[in-house]
Protein chains: 2
Amino acid sequence: MPLRKRASDRKAEIVAAALRLADAAGPDRPSTAEIARAVGLTQAGLFRHFPTRAALWQAAAAAIAADLEAGWAAALSDAGVGPRERLAALVAAQLAAIERCPALPAILFSPELNADDPAIRARFAELLGRFQGYVAAALGELAAEGALRATLAPADAAVFVTTLIQGLAVRWRLGGRRMALAEEGMRLFRVQAGLFAPEPG
Amino acid sequence: MPLRKRASDRKAEIVAAALRLADAAGPDRPSTAEIARAVGLTQAGLFRHFPTRAALWQAAAAAIAADLEAGWAAALSDAGVGPRERLAALVAAQLAAIERCPALPAILFSPELNADDPAIRARFAELLGRFQGYVAAALGELAAEGALRATLAPADAAVFVTTLIQGLAVRWRLGGRRMALAEEGMRLFRVQAGLFAPEPG
DNA sequence: CTTGTGAGCAAGCGATCGCTAACATATCAT
DNA sequence: ATGATATGTTAGCGATCGCTTGCTCACAAG
């Protein structure tokens, strides 16, 4: 094993450590010294790879965006059968992404990262909007099929779905992650989807 | 007007300023200097009223708890007619509390304040559990009346209700508070409650 | 009018923050 | 083998952090 790692590997390592630490301390919270220690570097060594602390978090934001988008793409492609399966795949992908990076909700929704950096803020807003759009689109197709209650607007249903995911993630985090997020999340999602179905009468 | 204020007034003023600033910067974020400037004191003057910075946030947590509990008590008492009205009153009270203190969700759910201070963490966990309990109890009564779908467990329904509130609060905050939280929240709650009702057949 | 106390300020402490400069060495290309 | 480059280190900068010290003075009680 080489004593020194390639810059690309180090960058990924640093970003991963930052996200891991952010989960415990809060978004934007871990200091450069903490992050450096986590990857076995001196604090100054960090600045070989990122010109500034803000750049580090921009890279972290980009990594998050890439991970989310990959998950959505997979959900939208291999579940091509119908809107019902596509919706479930989207929810599953989102829950899986949160399990992979528990700091994700805190990072996406917290003001710390957003406040300072308008670029990150805009990027995250666009990300959240995209997911909301995918969910709403699937629900719209369900409505067109008559698979949604007449009294339930697809946009409202999308709010129910996305707030359920986000709320469960927060609950999972606060509860010390004792429950299995994906399993419990999909169970509740199926219950919710059952409520969306039109009355048989 | 006296040049100097009574300590009790100052304390309340300081706590209010801290909560107001926390909304913009994130929980636990505003420095003692910022808070002091907001109330027209020097940074050192702050420590006449709170022995430590942590004590300030403990007082803020207590203020939040008192506000929430007062809202719940009102909702539980004056809506004594039935579980349906009680549930709506609880949701309305929670939305109103969030409108009064927009930093509330961030403070309740963020790790910054909780991580350092186990006392605050426990207090907030108890608060959230209480609200969840009130909601679940009302939904349980509805179920006993046969006013809930047979396939819908009251505990699951309570998750849907609380995650809706919390999710809307985050959305409200991120969207720059352009929507009217209470109005939109109650509208969506009513839609959701409609989904909970048993099928007429 | 005096006096004790409570509410405030100016100044500065040690620690930590993000970041830079100067220097060192592992690794790669030739 | 050797020079160039990339990946590190040590040391330290200025700013800011929470907090303490020593002092001032407004205000209420006697």
Side-chain angles (χ1 to χ4, degrees), chain A residues 1-19 21-22 24-61 107 110-117 119-120, chain B residues 1-19 21-22 24-61 107 110-117 119-120:
Chain A
M1 199 175 75
L3 291 180
R4 293 187 179 177
K5 306 194 175 180
R6 316 237 76 178
S8 57
D9 296 349
R10 269 293 192 220
K11 274 190 177 180
E13 226 183 320
I14 291 169
V15 163
L19 291 176
L21 291 170
D28 202 8
R29 265 299 178 77
S31 66
T32 53
E34 281 181 272
I35 299 170
R37 193 178 330 119
V39 296
L41 280 187
T42 53
Q43 188 253 1
L46 222 79
F47 291 87
R48 279 281 165 215
H49 304 281
F50 297 99
T52 197
R53 182 185 133 98
L56 196 165
W57 288 106
Q58 279 167 14
I107 290 177
S110 271
E112 282 96 62
L113 275 174
N114 295 355
D116 324 335
D117 201 320
I120 292 186
Chain B
M1 200 177 73
L3 290 181
R4 298 189 177 173
K5 305 193 176 182
R6 312 244 93 187
S8 58
D9 297 349
R10 269 292 193 221
K11 274 190 179 180
E13 226 183 319
I14 291 169
V15 163
L19 291 176
L21 291 170
D28 201 9
R29 263 315 191 47
S31 66
T32 52
E34 280 180 272
I35 298 171
R37 195 178 328 119
V39 296
L41 279 188
T42 52
Q43 189 253 1
L46 223 82
F47 290 86
R48 283 278 164 214
H49 303 281
F50 297 98
T52 196
R53 182 187 135 97
L56 196 165
W57 288 106
Q58 280 167 14
I107 290 177
S110 272
E112 283 96 59
L113 275 175
N114 295 354
D116 324 334
D117 201 320
I120 292 185

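Throughout, protein chains are lettered first and strands after them, A, B, ... in sequence-line order, and every chain is numbered starting at 1.
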Rounded distance (Å) that lies between atom [atom2] of [N] and atom [atom1] of [X]:
X       : N      : atom1 : atom2 : result
A:Arg4  : D:dT7  : CZ    : P     : 9 Å
B:Arg6  : C:dA7  : CZ    : P     : 7 Å
B:Phe50 : C:dA7  : CZ    : C1'   : 14 Å
B:Arg37 : D:dG18 : CZ    : P     : 12 Å

Closest non-hydrogen atom pair, [X] against [Y]:
X       : Y       : result
B:Ser31 : B:Arg53 : CA-NH1, 4.1 Å
B:Pro30 : B:Trp57 : CG-CZ2, 3.9 Å
B:Glu13 : B:Val39 : O-CG1, 3.7 Å
B:Val15 : B:Ala59 : CG2-CB, 3.9 Å

Legend entry - Sub-4.5 Å side-chain heavy-atom contact between B:Leu19 and B:Ile107: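 Sidechains of B:Ile107 and B:Leu19: in contact.
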Legend entry - A:Arg4 vs A:Asp9 side-chain heavy atoms within contact, under 4.5 Å: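 Contact flag for A:Arg4/A:Asp9 side chains = no.
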Inset, instruction - Please lay out, stage by stage, how B:Arg37 and B:Glu34 fare under the test salt bridge (charged side-chain N to carboxylate O under 4.0 Å, His left out). - result: CA-CA 5 Å; B:Arg37 195 178 328 119; B:Glu34 280 180 272; 5.5 Å; no
Legend entry - Derivation of the side-chain contact (heavy atoms from CB on, under 4.5 Å) call for A:Phe50 and A:Gln58: CA-CA 10 Å; A:Phe50 297 99; A:Gln58 279 167 14; over 6 Å; no
Inset, instruction - Mind listing the residues from residues 8-15 of chain A sitting with a heavy atom below 4.0 Å of DNA chain C? Number order is fine. - result: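 Heavy-atom contacts with DNA chain C come from no residue of residues 8-15 of chain A; none.
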Legend entry - Rounded distance [0.5 Å steps], NZ in A:Lys5 versus CD1 in A:Ile14: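 If we round to the nearest 0.5 Å, A:Lys5:NZ and A:Ile14:CD1 are 10.5 Å apart.
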Legend entry - Rounded distance (nearest 0.5 Å) linking atom CG of A:Leu56 with atom OG1 of A:Thr32: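 Going from the CG atom of A:Leu56 to the OG1 atom of A:Thr32 covers 9.0 Å.
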Inset, instruction - To the nearest 10°, let me know how far the axis at one end of the helix from C:dC1-D:dG30 to C:dT30-D:dA1 is tilted from the axis at the other, five pairs an end. - result: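 Axis-to-axis angle, ends of the helix: 10°.
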Inset, instruction - Taking only the side-chain nitrogens and oxygens of B:His49, find out if one of them lies under 4.0 Å from OP1 or OP2 of C:dG8. - result: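 Yes.
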Inset, instruction - Mark yes or no for whether B:Thr42, through its side chain, and B:Gly45, through its backbone, hold a donor-acceptor pair below 3.5 Å. - result: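 Yes, B:Thr42 side chain to B:Gly45 backbone: donor-acceptor pair under 3.5 Å.
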Inset, instruction - List the protein contact pattern of nucleotides 15-23 of chain C with one symbol per nucleotide (5' to 3'): B for base contact, S for sugar-phosphate-only contact, - for none; contact means a heavy-atom distance under 4.0 Å. - result: --SBBB-BB
